[in-house]
A.B. asks: 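Before I ask anything, here is the structure I am working with.
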Amino acid sequence: IISNNGTNTAYATTDDEVKISITASEPLANTDDYGFTGLMAALPFETRAGSDATEWELYITVSTHAEQIVAYSIAYYDENYNLGGSNIQNTMLDGSTVKIDRTAPIVTASISSNNTTNTLAIEDDVVTLVISSDEVLNAAPTITIDGNAATPNPTTPADSYSATRTMVLGDTQVDGDGDPTPIPFVVTKETLIDRAGNVPDVNLTTTNDASSVTFDATAPTITGITIESDNALDPTLAMPGDVVTIEFYTSDPTQEPVAKIVTEDALELNDNGDQVSWSATKTMDADDPEGVVEFEIDFNDLAGNPGVTVDDIMSGDDVTYDRQAPGITSVVVTSSNTDFPTLAKSGQIISVVINADVPLSSITGASIEENNITGTDISEITSSKWKLSYTLDGSEDDGSASYAFTATDLAGNTTDVSETGSDVTIDNTAPELTFVGIESDNSNTGYAKEDNTVTLTINSDSDLSEDDDLALKVY
């Protein structure tokens, strides 16, 4: 049995002829009453004589025949009308068969990349197209990936093939509108021929499982980046315990970036899930170096293209880290007593002038002689020089004036100062005279005459000031 199929004579499709060739040991009859009877592929067949009555061809032209390996059962007679010893039935002496196949093969495709994300590819990634057919194809198909010929594997008849393309710069990345586009492929329909010669109506250009691969050879960039601190006083400064946050935006969705702040790993977040807007945070600690907070961001897009490491802001101000408490270089305590600036009494003002080694944001918790100093009694002379003022009301204890305060620098670091004494002594108590005496240099000290010197002696329980206007008056 054989077919006249132009692709494979063991198969037949519509309009192909399938014939059984018979050679008999004697001439055979082929009359209306004694001829060949039976069916081929469940339908009647026709006969054709060969060179003599010992050779015959029984044949059908494929039309509505069911798809099958052609089955047959044929009875025959010799010229003396003797029935053949057995029917010709389904088995040829040469082992040949013919299969009727009137349907084009159903071929599907799937595509993937060896990239970590198998729907994306970068330069040198390998894209693999897998083709599957519901029947064995007559030969390996012709395949192009992104317009480039791809060798199928295997190259022999099979029902499954694969073809690969190693991506290079210049391969298709975007469509005519500049939007990312899947890598195109074409499996030529004329080469998707089955063994019966059936061909699909169209080229195979799409996947059946919605798989696709997009080629991306463009490195991502950071389009914006800022840094700030949650410092209570100034977002451009940070002290231990403050959280420094970097916010940045990438040109394309990226894998989770690797961010370092002062060389330590930072916590990266993408709160809205768009993989474009990112933040990285770090809580500053006592081991971090002072100065401008340095950072570094490494990032790759989803395909794996690396972006250029970024270590500088694009807008706004840097954050400066300050972990040192402000130093107090001097404290000068004076009194408004013009005659004796180291002494003070009720109604006079004690001033405490504070000099720091750095600018201060405030002086708080201030007191003089345990009296709180607030409001306008705390004044800023310069950013690093401040003044406390207190007017004595007479209720203060006599003695060296005490003072206390907390100095806060611009970042919020603090230094506490508390002194129980100073260069100014409070004296709110009037002096008490312990002795007052008068005498002259007359032989009788209780009397004086012209030219005698009279001396007044005064003793006090405290030092008395000298007064040039003090004079002894004799009445």
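Heavy atoms only: backbone and side chains are in, while hydrogens, waters and symmetry mates are out.
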A.B. asks: Under the 3.5 angstrom rule, does the side chain of Asn300 hit a backbone N or O of Ala303 as a donor-acceptor pair?
C.D. replies: no
A.B. asks: Output the distance between atom CG (Asn138) and atom OG1 (Thr156), rounded to the nearest 0.5 Å.
C.D. replies: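 That separation rounds to 11.0 Å.
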A.B. asks: Tyr390 and Asn371: side-chain donor and acceptor closer than 3.5 Å?
C.D. replies: yes
A.B. asks: Say whether, by atom type as modelled, one donor and one acceptor occur between the side chain of Thr31 and the main chain of Tyr34 under 3.5 angstrom.
C.D. replies: yes
A.B. asks: Would a distance-only check, ignoring hydrogens and angles, find a side-chain to backbone donor-acceptor pair under 3.5 Å from Ser361 to Asp409?
C.D. replies: yes
A.B. asks: Report yes if some heavy atom in the side chain of Ile227 is under 4.5 Å from a heavy atom in the side chain of Phe295; otherwise report no.
C.D. replies: yes
A.B. asks: Please identify which of these residues, Thr254, Asn270, Asp271, meets the side-chain hydrogen bond (donor to acceptor under 3.5 Å, both in side chains) condition with Trp278.
C.D. replies: Thr254
A.B. asks: Between Asp194 and Asp101, is the side-chain contact (heavy atoms from CB on, under 4.5 Å) condition met? List the steps.
C.D. replies: CA-CA 9 Å; Asp194 65 15; Asp101 179 0; 3.0 Å; yes
A.B. asks: Donor-acceptor pair, Asp78 side chain versus Asn82 backbone, under 3.5 Å?
C.D. replies: yes
A.B. asks: Ignoring hydrogens and geometry, is there a side-chain-to-backbone donor-acceptor pair from Ser402 to Thr420 under 3.5 Å?
C.D. replies: no
A.B. asks: I would like to know whether Lys19 and Val98 meet side-chain contact (heavy atoms from CB on, under 4.5 Å); could you show each step before the answer?
C.D. replies: CA-CA 9 Å; Lys19 68 178 180 180; Val98 171; over 6 Å; no
A.B. asks: Given Asp16, which of Asn5, Thr9, Thr7 fulfils the side-chain hydrogen bond (donor to acceptor under 3.5 Å, both in side chains) condition?
C.D. replies: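 It is Asn5; the other options fail the test.
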A.B. asks: Check this for me: does any side-chain nitrogen of one of Asp265 and Lys260 sit under 4.0 Å from a carboxylate oxygen of the other?
C.D. replies: yes
A.B. asks: Side chains of Thr309 and Asp298: donor-acceptor distance under 3.5 Å anywhere?
C.D. replies: yes
A.B. asks: Taking Thr164 for the side chain and Thr128 for the main chain, is one N or O donor matched with an acceptor at less than 3.5 Å?
C.D. replies: no
A.B. asks: Determine, stepwise, if the pair Asn90 / Tyr72 fulfils side-chain contact (heavy atoms from CB on, under 4.5 Å).
C.D. replies: CA-CA 5 Å; Asn90 296 338; Tyr72 47 89; 4.1 Å; yes
A.B. asks: Taking it one step at a time, do Glu55 and Asp52 satisfy side-chain contact (heavy atoms from CB on, under 4.5 Å)?
C.D. replies: CA-CA 6 Å; Glu55 295 181 355; Asp52 58 40; 4.2 Å; yes
A.B. asks: Within a strict 4.5 Å, meaning less than it, do heavy atoms of the Leu410 and Asp234 side chains meet?
C.D. replies: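 No, their side chains stay 4.5 Å or more apart.
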A.B. asks: Check whether any side-chain heavy atom of Asp15 lies under 4.5 Å from a side-chain heavy atom of Thr13, and answer yes or no.
C.D. replies: no
A.B. asks: Using only heavy-atom distances, determine whether the side chains of Thr236 and Asp317 contain a donor-acceptor pair under 3.5 Å.
C.D. replies: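 No, no side-chain donor-acceptor pair sits under 3.5 Å.
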A.B. asks: Test your reading of the model: is there a side-chain donor-acceptor pair from Arg165 to the backbone of Asp146, 3.5 Å cut-off?
C.D. replies: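 Checking the backbone N and O of Asp146 against the side chain of Arg165, no donor-acceptor pair under 3.5 Å is found.
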A.B. asks: How long is the straight-line distance from CE of Met167 back to CD of Gln173, given to the nearest 0.5 Å?
C.D. replies: 8.5 Å
A.B. asks: Is there a side-chain contact between Thr408 and Leu360 (heavy atoms, below 4.5 Å)?
C.D. replies: no
A.B. asks: Verify side chain to side chain donor-acceptor pair (under 3.5 Å) between Asn372 and Ser367, making sure each step is shown before the conclusion.
C.D. replies: CA-CA 4 Å; Asn372 292 335; Ser367 66; 5.4 Å; no
A.B. asks: For the CG atom of Asp312 and the CD1 atom of Ile222, what is their distance to the nearest 0.5 Å?
C.D. replies: 11.0 Å
A.B. asks: With a 4.0 Å cut-off on N to O distance, would you call Glu67 and Arg102 a salt bridge?
C.D. replies: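 Answer for the salt bridge query: no.
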A.B. asks: What's the separation between atom CG in Asp242 and atom CG in Asp285, rounded to the nearest 0.5 Å?
C.D. replies: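 Between atom CG of Asp242 and atom CG of Asp285 there are 11.5 Å.
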A.B. asks: Checking side-chain contact (heavy atoms from CB on, under 4.5 Å) between Phe215 and each of Thr172, Thr181, Asp125, Asp171, which is the one that passes?
C.D. replies: Asp171
A.B. asks: Is there side-chain contact between Ser3 and Glu17, with heavy atoms separated by less than 4.5 Å?
C.D. replies: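 No. Closest side-chain heavy atoms not under 4.5 Å.
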A.B. asks: Any heavy-atom pair between the side chains of Tyr11 and Ile100 that's under 4.5 Å?
C.D. replies: no
A.B. asks: Can you check whether Ser351 reaches Ile349 side chain to side chain, under 4.5 Å on heavy atoms?
C.D. replies: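 Result yes, sub-4.5 Å side-chain heavy-atom pair found.
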A.B. asks: Verify, without hydrogens or angle tests, whether Asn87 (side chain) and Gln89 (backbone) share a donor-acceptor contact under 3.5 angstrom.
C.D. replies: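 Checking the backbone N and O of Gln89 against the side chain of Asn87, no donor-acceptor pair under 3.5 Å is found.
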A.B. asks: Does any N or O in the side chain of Asp159 come within less than 3.5 Å of the main-chain N or O of Ser133, such that one atom is a donor and the other an acceptor?
C.D. replies: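 Looks like no, no N/O pair under 3.5 Å.
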A.B. asks: Taking all heavy atoms of Val319 and all of Ala238, pick out the closest pair and write down the distance.
C.D. replies: CG1-CB, 3.9 Å
A.B. asks: Of all the heavy-atom pairs spanning Val331 and Ile328, show the shortest one and how long it is.
C.D. replies: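 Looks like CG2-CG2, 3.7 Å.
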A.B. asks: Which atom names give the shortest non-hydrogen contact between Ser422 and Tyr403, and what distance separates them?
C.D. replies: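 Answer, listing the atom of Ser422 first, then Tyr403: CB-CE2, 3.9 Å.
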A.B. asks: Enter the distance from Asp322:CG to Glu290:CD here, rounded to the nearest 0.5 Å.
C.D. replies: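 Rounded to the nearest 0.5 Å, the CG-CD separation comes to 5.0 Å.
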A.B. asks: For a side chain to side chain donor-acceptor pair (under 3.5 Å) check, start with the C-alpha distance between Asp94 and Ser96, then their side-chain angles and the critical distance, and finish with the verdict.
C.D. replies: CA-CA 6 Å; Asp94 61 1; Ser96 60; 2.8 Å; yes
A.B. asks: Do any N or O atoms from the side chain of Ser113 and from the backbone of Asn115 form a donor-acceptor pair under 3.5 angstrom?
C.D. replies: yes
A.B. asks: How close do Ile297 and Ala259 get, heavy atom to heavy atom, and via which atoms?
C.D. replies: CG1-CB, 4.2 Å
A.B. asks: Shortest non-hydrogen contact from Lys387 to Ile381?
C.D. replies: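 For Lys387 and Ile381, the tightest heavy-atom pair comes out as CB-CD1, 3.8 Å.
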A.B. asks: Just wondering, more than 12 heavy atoms not from Glu190 lying within 6.0 Å of its CD?
C.D. replies: yes
A.B. asks: Given side chains that start at C-beta, do those of Val107 and Val187 come closer than 4.5 Å, heavy atoms only?
C.D. replies: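 Side chain of Val107 against side chain of Val187, heavy atoms only: no contact under 4.5 Å found.
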A.B. asks: Are there over 12 heavy-atom neighbours, none belonging to Asp423, within less than 6.0 Å of that residue's CG?
C.D. replies: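 Count not over threshold, so no.
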A.B. asks: Would you give the length of the straight line joining atom CG of Asn305 to atom CD of Gln255, rounded to the nearest 0.5 angstrom?
C.D. replies: 9.5 Å
A.B. asks: Test Ser330 against Asn355 for side chain to side chain donor-acceptor pair (under 3.5 Å), laying out the working first.
C.D. replies: CA-CA 5 Å; Ser330 69; Asn355 290 284; 2.9 Å; yes
A.B. asks: Could you report the tightest heavy-atom contact between Glu135 and Thr103, atom names first, then the distance?
C.D. replies: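 Heavy atoms of Glu135 and Thr103 come nearest at OE2-O, 3.6 Å.
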